[in-house]
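Reading through the structure tokens given below for one structure.
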Amino acid sequence: MSQQPSPPSTPATVTVFASPTSWIESDAVAQCHQVAALDGMTHVAAMPDLHPGKGAPIGAAMTSTVLYPFLVGSDIGCGIAVFPVKLKRAVPEKLAARFPDLDRALDPEQDADDPAWDVVKGDIPAGHLEGLGTVGRGNHFVELARIGTVLEPDHASRLGLSAGDLVLIVHSGSRGLGERILRAHTEVHGAGPAPDPGAYLAMHDDAVRWGSLNRRLLAARVAYALGAEPTEPIVDQCHNLVELRDGAYLHRKGAAPGDGRDVLIAGTRGTPSYLVAAHAGPDAGHSVAHGAGRKMSRADALRRGRAKHTVEELRRTPVGSLVVCGDRQLLFEEAPTAYKRIEQVIDDLVHHDLATPVATTIPLVTYKTPDLGSTPRRDRRRRRGRP
DNA sequence: ATGTAC
């Protein structure tokens with residue numbers, strides 16, 4: 001009996017779930033085809049918010065017979081959660097000033113009395129305390145928003161939502177923990193597959209749990225600071241993770257689980273976001289988009305933004321909301337004009353029958369990092385050096 | 001997106 005030849009490796013299929021008129025960078029599509037050519041890949045589903053990432057595209061669900069940690073990236077467990085919040089009045093100017101410093105981690109000893117700890121039930125995953133309760137940088141944020149248009153009243157009602165209700169939207173991940181997990185893999189295996197998927201998955205699952213806990217801690221810190229009670233999230237979906245599904249590894253990078261779940265698809269701080277009922281099938285990698293998707297690189301947004309906008313324009317958005325962001329560069333990088341139109345992304349999902357919009361959320365205050373206030377930078381530095 | 005090095 002002759003040796004059976006190994007089956008010819010047919011390249012994985014690549015499907016882009018966007019209309020031809022949607023702006024998708026060719027570099028991002030090229031990245032999808034590079035991923036499709038990896039050993040063991042069977043399918044790449046690109047979402048309408050697809051844009052180029054570091055090595056792998058962002059906004060894609062990638063299926064393979066082997067587990068590639070770099071396809072999930074370093075922010076394992078990153079996701080978006082929505083928490084109902086009850087406030088008597090919601091004046092953006094007043095509330096923006098009350099946000100706590102979310103760059104400062106919760107310290108078990110120093111902050112022992114902080115009531116936000118109550119959301120920790122059981123152990124902290126991986127025992128990782130560094131950065132706990134911090135929002136991070138990049139596209140992460142905590143936003144106070146109000147429900148705008150309700151498009152599916154019955155579904156919204158089941159979630160306890162009506163037009164005008166307030167919610168906290170938290171987009172954050174596993175901070176240093178996920179980064180450490182990916183680095184431990186890449187230092188030895190680079191972009192290669194995990195030789196022991198079970199070992200990677202155990203650490204990965206810790207980071208996914210840590211990310212979700214972090215979003216709850218962030219929401220609780222903000223709720224208390226605004227004079228409200230913390231609540232359970234009505235939506236909490238992680239868009240950077242890998243799962244074993246139907247005998248294959250389904251990697252999601254900037255793609256939210258879309259199999260019969262409710263997902264908050266982030267617009268920008270100056271445009272609505274959409275709460276959708278997702279119903280994506282296998283062709284779409286059981287996934288939907290996670291946001292509007294970047295239209296410009298950070299470098300382009302900074303260069304073009306400086307020519308186009310003043311800092312004051314960026315701190316007060318077209319919908320009348322405020323942005324708390326003491327980091328000038330980040331203010332430009334995350335300008336609404338650096339992102340695609342969220343309506344186009346949602347339309348593409350609807351036309352491909354991947355999701356049904358339930359309600360929009362309209363930003364009131366989007367928090368990124370503490371405001372510097374009017375104190376000149378050098379004075380702050382000098383003061384920090386004092387005992 | 002990240003912690004850290006420049």
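Keep in mind that what you see is a predicted model, and the values were worked out from it rather than measured. Below, all heavy atoms of this structure are taken into account, side chains as well, without hydrogens, waters or symmetry copies. Letters A, B, ... mirror the listed sequences (proteins, then strands); counts begin at 1.
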Touch check for Arg175(A), heavy atoms < 4.0 angstrom, all strands: base, sugar-phosphate only, or nothing?
sugar-phosphate

Would you say His140(A)'s side chain and Lys368(A)'s backbone share a donor-acceptor pair under 3.5 angstrom?
no

Of Arg298(A), Arg315(A), Arg269(A), the residue whose pairing with Glu334(A) passes salt bridge (charged side-chain N to carboxylate O under 4.0 Å, His left out):
Arg298(A)

Do the non-hydrogen side-chain atoms of Asp300(A) and Arg303(A) ever get within less than 4.5 Å of each other?
yes

Parallel, tilted or perpendicular, as decided by the 30° and 60° cut-offs, for the rings of His290(A) and His51(A)
parallel

What are the bounds, 5' to 3', of the part of DNA chain B that sits under 4.0 Å from heavy atoms of chain A?
dA1(B) to dG3(B)

For Leu330(A), which fellow cluster members are found when Ile, Leu, Val, Met, Phe, Trp and Tyr are connected by side-chain heavy-atom distances below 4.5 angstrom, either directly or through intermediates?
none

